[in-house]
Engineer: 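Pasting in a structure now, in structure tokens, and then I'll have a few things to ask.
Atoms considered below: every heavy atom in the structure, side chains included; atoms not considered: hydrogens, waters and symmetry mates.
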Amino acid sequence: MKKVALVIGGEPRLVEKAFKENTIFWNWLNENYLVDVHVHSWNHKLEWNKKDHEEIRFNPIRNDSKNYYPKQMTTQSVLGIKQEQIEQEYSLYQPKTLVVEEYDHKRFNIGSYPLGQYISRAKGYVQAMQYDDYDYVWLTRSYCVY
């Protein structure tokens, strides 16, 4: 059976909700592949003001961050999330590796590239490659639904 590294990087946003939405896919993936999950996470996240998050849609015609969120939607930063809390959220995936780092707001911001999400997934990829050899590597975010 082929081995897959599922690498989740970035902010620990909507982990449980996305996992529940992905149950059918998650079961299929584990029936057809040997799956190891590797997580790299920052210790902060940006939360939207909508509890159900149903209205969030990415606008591909984007010149700046104003088009990333729907109009009239506000956000708040949640800083200093404890490692234990992030470990608990990701425990659904039973990750082989999980690293939580302090987010550098001066280095990773909307005016700079690469953004922190790309750095996080790259770090998660390195974690996976140091852990084992894989036939496939899937880079994703915590809130993606497949």
Side-chain angles (χ1 to χ4, degrees), residues 1-62 65 67-70 73 75-146:
M1 195 177 271
K2 300 234 181 212
K3 292 185 73 174
V4 173
L6 181 65
V7 177
I8 304 171
E11 299 175 359
R13 189 183 301 143
L14 303 173
V15 176
E16 184 177 355
K17 179 175 178 150
F19 184 84
K20 287 179 180 177
E21 292 286 328
N22 286 325
T23 302
I24 292 170
F25 168 75
W26 180 249
N27 291 338
W28 175 88
L29 190 64
N30 282 281
E31 289 169 4
N32 292 282
Y33 298 92
L34 297 172
V35 181
D36 288 346
V37 176
H38 300 275
V39 177
H40 179 277
S41 181
W42 302 118
N43 69 338
H44 91 283
K45 64 183 170 181
L46 190 65
E47 286 186 340
W48 298 282
N49 67 346
K50 298 285 185 185
K51 287 187 179 184
D52 62 1
H53 304 282
E54 295 296 324
E55 298 176 26
I56 296 171
R57 296 289 181 267
F58 173 71
N59 182 347
I61 305 168
R62 161 178 126 153
S65 63
N67 291 327
Y68 192 81
Y69 310 104
M73 183 168 275
T75 61
Q76 68 172 1
S77 289
V78 179
L79 306 174
I81 304 169
K82 296 193 182 303
Q83 169 122 2
E84 297 79 24
Q85 181 181 345
I86 294 171
E87 288 173 358
Q88 177 63 36
E89 288 182 59
Y90 281 109
S91 67
L92 297 162
Y93 289 99
Q94 300 177 342
K96 299 294 184 186
T97 64
L98 189 149
V99 173
V100 177
E101 288 190 63
E102 182 82 26
Y103 190 81
D104 185 345
H105 291 279
K106 291 179 184 171
R107 185 171 171 206
F108 308 128
N109 59 56
I110 197 67
S112 67
Y113 188 85
L115 296 173
Q117 63 177 291
Y118 304 115
I119 299 297
S120 182
R121 284 195 297 277
K123 288 183 174 211
Y125 175 82
V126 170
Q127 286 167 221
M129 295 303 99
Q130 291 174 344
Y131 185 84
D132 205 347
D133 292 324
Y134 296 96
D135 297 298
Y136 305 104
V137 177
W138 187 331
L139 303 175
T140 188
R141 294 172 151 187
S142 61
Y143 55 88
C144 288
V145 176
Y146 314 106

Engineer: Tell me every residue that passes ring-ring contact (aromatic ring centres under 6.0 Å, His included) with F25, counting only those two or more places apart in sequence or in another chain.
Structural biologist: W138, Y146
Engineer: Shortest non-hydrogen contact from P12 to Y90?
Structural biologist: CA-OH, 3.8 Å
Engineer: Please identify each residue that fulfils side-chain hydrogen bond (donor to acceptor under 3.5 Å, both in side chains) with E102, with sequence neighbours left out.
Structural biologist: N43
Engineer: List for me each residue that meets ring-ring contact (aromatic ring centres under 6.0 Å, His included) alongside H40, sequence neighbours excluded, and say none if there are none.
Structural biologist: W42
Engineer: On a heavy-atom basis, which atom in V7 and which in G124 lie closest, and how many Å separate them?
Structural biologist: CG1-C, 3.4 Å
Engineer: First locate atom CD1 of I81, then atom CD of E89, and finally report the distance between them rounded to the nearest 0.5 Å.
Structural biologist: 7.0 Å
Engineer: Give me each pair satisfying salt bridge (charged side-chain N to carboxylate O under 4.0 Å, His left out) with a member in residues 31-45, each pair once, sequence neighbours excluded.
Structural biologist: K45-E47
Engineer: Could you pull out all residues at least two apart from Q127 that satisfy side-chain hydrogen bond (donor to acceptor under 3.5 Å, both in side chains)?
Structural biologist: T97
Engineer: Test L98 against Q83 for side chain to side chain contact (heavy atoms under 4.5 Å, CB included), laying out the working first.
Structural biologist: CA-CA 10 Å; L98 189 149; Q83 169 122 2; 4.3 Å; yes
Engineer: Salt bridge (charged side-chain N to carboxylate O under 4.0 Å, His left out) with K20: which residues, sequence neighbours excluded?
Structural biologist: E16
Engineer: Where is the tightest heavy-atom contact between A5 and A128, given as atom of each residue plus distance?
Structural biologist: CB-CB, 4.1 Å
Engineer: Would you give the length of the straight line joining atom NZ of K2 to atom OH of Y134, rounded to the nearest 0.5 angstrom?
Structural biologist: 15.5 Å
Engineer: Return the set of residues passing salt bridge (charged side-chain N to carboxylate O under 4.0 Å, His left out) with E21 (not counting sequence neighbours), or none when no residue passes.
Structural biologist: none
Engineer: Looking at D133, I'd like to know if its CG atom is crowded, meaning that more than 12 non-hydrogen atoms belonging to other residues, nucleotides or ligands lie closer than 6.0 Å.
Structural biologist: no
Engineer: Check for a donor-acceptor pair, side chain of S142 on one end and backbone N or O of V15 on the other, with a separation under 3.5 Å.
Structural biologist: no
Engineer: Listed by chain and number, what are the salt bridge (charged side-chain N to carboxylate O under 4.0 Å, His left out) partners of D135, not counting sequence neighbours?
Structural biologist: none
Engineer: Say you draw a straight line from CG of L29 to CG of L6; how long is it, rounded to the nearest 0.5 Å?
Structural biologist: 7.0 Å
Engineer: How would you list, by chain and number, every residue that makes a side-chain contact (heavy atoms from CB on, under 4.5 Å) with F19, sequence neighbours excluded?
Structural biologist: W26, L92, Y93
Engineer: Quick one: does H38's side chain get under 4.5 Å of Y125's, heavy atoms only?
Structural biologist: no
Engineer: May I ask you to decide if G9's main-chain N or O and S120's side chain share a donor-acceptor pair within less than 3.5 Å?
Structural biologist: no
Engineer: For K3, which residues count as a side-chain hydrogen bond (donor to acceptor under 3.5 Å, both in side chains) partner, sequence neighbours excluded?
Structural biologist: D132
Engineer: For the residue pair Y103 and H44, categorise the inter-ring angle as parallel (less than 30°), tilted (30 to 60°) or perpendicular (more than 60°).
Structural biologist: tilted
Engineer: Just grab all the salt bridge (charged side-chain N to carboxylate O under 4.0 Å, His left out) pairs involving residues 119-131, residues at least two apart or on different chains.
Structural biologist: E101-K123
Engineer: For E87, give me all partners under salt bridge (charged side-chain N to carboxylate O under 4.0 Å, His left out), at least two apart in sequence or on another chain.
Structural biologist: none
